[in-house]
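Structure first, then comments.
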Amino acid sequence: MLASCSHPSLLQLSLPPKPPQLQLYSHSPPLLSFKTVSCINSSFQAPSQRAPSSTSTSSYNHMIQSLCKQGNLKQALQLLPLEPKPTQRTYEALILACTHRNARPYGPIVHHHLIENGFDQDPFLSTKLIDMYSQFGSLDNARDVFDKTHVKTIFVWNALLKALALADAAEEALSLFHEMGGAGVPPDSFTYSHALKACIASSSRPSLAFDRVRQIHGHIYRHGFGSTIYVATTLVDCYAKLGSVLYSRRVFDGMLARNVVSWSAMIACYAKNERPLDALELFREMMLRDPDAIPNAVTMVSVLQACAGLAALGQGRLVHAYVLRRGLDSIITVVNALIAMYAKCGSLETARRVFDGMIGRRDVVSWNSMISGYGIYGFGGRAIRVFEAMIGSGISPSPITFVSVLGACSHAGLVKEGKRLFESMALVHGVAPRSEHYACMVDLLGRAGRLDEAARIIEGMRIEPGPTVWGSLLGACRIHGRAELAERACARLFELEPMNAGNYVLLADIYADAGMWEEVSRVKRLLESRGLQKMPGCSWIEVKKKMHSFVSVDEMNPQVEQLQALLARLVKDMKDKGYVPNTKVVLYDLDQEEKERILLGHSEKLALAFGLINSGHGEVIRITKNLRLCEDCHSVTKFVSKFAKREILVRDVNRFHHFKDGVCSCLDYW
DNA sequence: CTAGGGTTAG
């Protein structure tokens, strides 16, 4: 049968043609009766003898198109005749079908076939081909189609621009954008969207990306595309990705019309840039002011992320209820965000319940969320067991899986296990260690006090150590008081990320701890000279679904005096029971009494006192802090958990501390 | 006939 088909490229398939099955039409109303199908089948044996008629041509094409839609490319190609000529629509269907999984090898065959049939100058099909090759990652082929298409419609330009932007080929994309202007093709909203995306992919240098976005932004503004909903939304997103909440908001505010996507982009901007409160506030505003903008899965993912950032369990539960009401719990990304939200809001059991409820439809992100969930509670062993269950269920780990499971080992002090996992990464799982993974190892060894081993790991790296690696080393130096090694880490860090205030603060802390006060002021001057400042310590607590936040030595809060009085009483009591204020953590050159007074003003202590006053006795007190939990506050909380008989859960930047009966779940290792 | 927002880590 195949022999009668004269097209050479089809012969390569050398597959016995199966007659089309009736079941093909089970999903949609039948286009053709079975009779027609067999008629096509017999005429297929000798296409040249069949008298072409308009009905059979369209039947042919319908047939092929519907096979394509079902992903049955093999059969579609076997049916593809030279006469009657396939139409543009047929080729479109074929090209689209090639982008489905396992169909890639057919791509060039289809391409060749359409050239033979004189469709190589069809700009519409060129667009589709460029798209196809872009999805295959073969930019050269995409570029080739572009070059050979003489009449370049704007679609053709945009398709290549999109392909380049998607492939992170920023330079090429932007030069194509400018080429368009030269060729007299005025950009449309698609052009701008893709060009903006290309700027983001731009480089590892954010300032360059930012300048480029601003440049295109100016272009957009001058050409009157500033209020186009698509373009403006892309702008909001681009500025968000570059960390510029201000610019995002400015564009968002300037929009004449908005839809759910524009709202979602702005909400995501806040959620991603550490402004969870603003994210929730904007979500509320959207619900109240724009009844046409119905939140969807993407919106809810960002909202859940914001709840997680705030550790707002009450809010998170309300959002969960809304998700259920809207039936959005069938969307896997939403469920994954729910797992992360519950874990980060201090309800690991609920996270696990949600995770258990999605058995059979978990993806790699679901597993990663659960692993990191156990990790931040210090349950290293359980995290490793979940990791092993994941492997057992046939899911391939991603680079993030290893960041999560190595991080879990690090929090739990599981050095041996972490080393074993790290070694298995490339060897067993085929995941090449990246800078982040080395950072995990440095953190793991560094926390455990094995700093020299950590430094040797960095020296032995075959890739360039990124800022996270040096940052981990610096963090370990802070814990173990290693000023000289910290200086070495900072030498690189101040080069790699000069605007990260945290590094300067850590170094100053290390010097202060060692009593090197001249160095302390030198680093502080350096910090200020770069226009940076120390991030103030801030803690918050949710009481009756309302957030209360405290900044260290917060005089603006009317309740602060009452809170400090309570703390003073507590501390007096505790001193009788053996508590010694850890004034070492106060890194100022002051006398003992002053230092003790400062200790009482720490935000996490204020939040703790507030929680003691305003919550019922059986309730767990849940506090969140923006920085690492202070050592003195840690021991005070242990005392309180014992003598006030309260369970206290504190989330700091890195992990959870669960205080109960005078013991913390971190076993003083954090 | 193309297109804009999203989950996990640090």
Side-chain angles (χ1 to χ4, degrees), chain A residues 88-89 92-93 95-96 122-128 130-131 134 153-163 165-166 188-194 196-197 228-238 240-241 248 252 255 258-269 271-272 293 295-305 308 328 331-341 343-344 362-373 375-376 397-408 410 434-437 439-440 443 466-469 471-472 475 502 653-655:
Chain A
Q88 188 196 49
R89 281 279 178 198
E92 181 196 12
I95 295 168
L96 279 177
D122 183 328
F124 172 65
L125 289 179
S126 292
T127 303
K128 298 289 176 189
I130 292 170
D131 235 23
S134 151
T153 61
I154 183 121
F155 294 101
V156 177
W157 285 94
N158 287 346
L160 187 64
L161 188 60
K162 180 189 175 191
L166 231 64
D188 66 4
S189 59
F190 293 86
T191 316
Y192 285 121
S193 282
H194 299 144
L196 284 168
K197 285 230 179 301
T228 313
I229 205 155
Y230 276 91
V231 178
T233 303
T234 311
L235 269 171
V236 168
D237 183 51
C238 284
K241 291 211 161 89
S248 280
F252 181 77
M255 292 177 79
R258 293 176 193 140
N259 59 20
V260 64
V261 181
S262 4
W263 284 100
S264 302
M266 194 62 224
I267 293 169
C269 169
K272 274 257 177 325
N296 58 25
V298 181
T299 323
M300 297 323 290
V301 165
S302 289
V303 172
L304 285 168
Q305 225 188 331
L328 294 171
I331 313 275
I332 196 159
T333 52
V334 176
V335 187
N336 292 343
L338 276 169
I339 295 173
M341 183 276 288
K344 288 179 180 169
R362 294 171 189 147
D363 66 3
V364 62
V365 177
S366 328
W367 289 95
N368 292 352
S369 310
M370 203 60 238
I371 292 168
S372 84
I376 54 179
S398 69
I400 292 178
T401 312
F402 285 100
V403 174
S404 309
V405 72
L406 291 173
S410 182
R434 299 197 302 218
S435 212
E436 302 96 287
H437 301 107
C440 289
D443 189 65
T468 50
V469 175
S472 294
V653 247
N654 298 315
R655 57 165 297 157

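Residue numbers begin at 1 in each chain, while the letters A, B, ... track the order of the sequences. The shown structure was predicted, so the numbers you read here are calculated from the model rather than taken from an experiment.
- Evaluation of W263(A) against the base of dG5(B) yields no stacking contact (centre distance < 5.5 Å, interplanar angle < 30° required).
- To the nearest angstrom, P of dT8(B) lies 5 Å from CD of Q305(A).
- Counting non-hydrogen atoms under 4.0 angstrom, N296(A) reaches a base of the nucleic acid.
- Among the heavy atoms of the strands lying under 4.0 Å from S369(A) are primed sugar atoms or P, OP1, OP2 only; no base atom is included.
- When the P atom of dA3(B) is taken as reference, atom CG of L160(A) falls 15 Å away, rounded to whole Å.
- Interface remark: the D443(A) side chain does not form any donor-acceptor pair with the dG10(B) base, using a distance-only criterion of under 3.5 Å.
- Contact annotation for D122(A): no contact, since no heavy-atom pair falls under 4.0 Å across all strands.
- With hydrogens and angles left out, the side-chain atoms of N296(A) and T299(A) include a donor and acceptor closer than 3.5 Å.
- Of the listed residues (V231(A), L196(A), I154(A)), just one forms a side-chain contact (heavy atoms from CB on, under 4.5 Å) with T191(A), and that residue is I154(A).
- Between dG4(B), dT2(B), dT8(B), one nucleotide has an atom nearer to the side chain of K128(A) than all others, and that is dT2(B).
- With hydrogens and angles left out, the side chain of T234(A) and the base of dG4(B) share no donor-acceptor pair within 3.5 Å.
- T127(A) comes within contact range of no nucleotide atom at all, as no heavy-atom separation falls under 4.0 Å.
- I229(A) comes within 4.0 angstrom of a nucleotide base, judged by non-hydrogen atoms across all strands.
- At a threshold of 4.0 angstrom between heavy atoms, the contacts of S398(A) with the nucleic acid are absent.
- Using a 4.0 Å heavy-atom criterion, one finds that A340(A) contacts the sugar-phosphate atoms exclusively.
- Across all non-hydrogen atoms, the minimal contact from V334(A) to L304(A) is O-CD1, 3.9 Å.
- The two atoms that bring I376(A) and R655(A) nearest to each other are O-CB, 3.2 Å, heavy atoms only.
- We find that CD1 of I267(A) is positioned 15 Å from C1' of dG4(B), with the value rounded to whole Å.
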Under a 3.5 Å cutoff on both atom distances, Watson-Crick or G-U, what's the dot-bracket for DNA chain B ([ ] crossing, | other strand)?
-> ..........
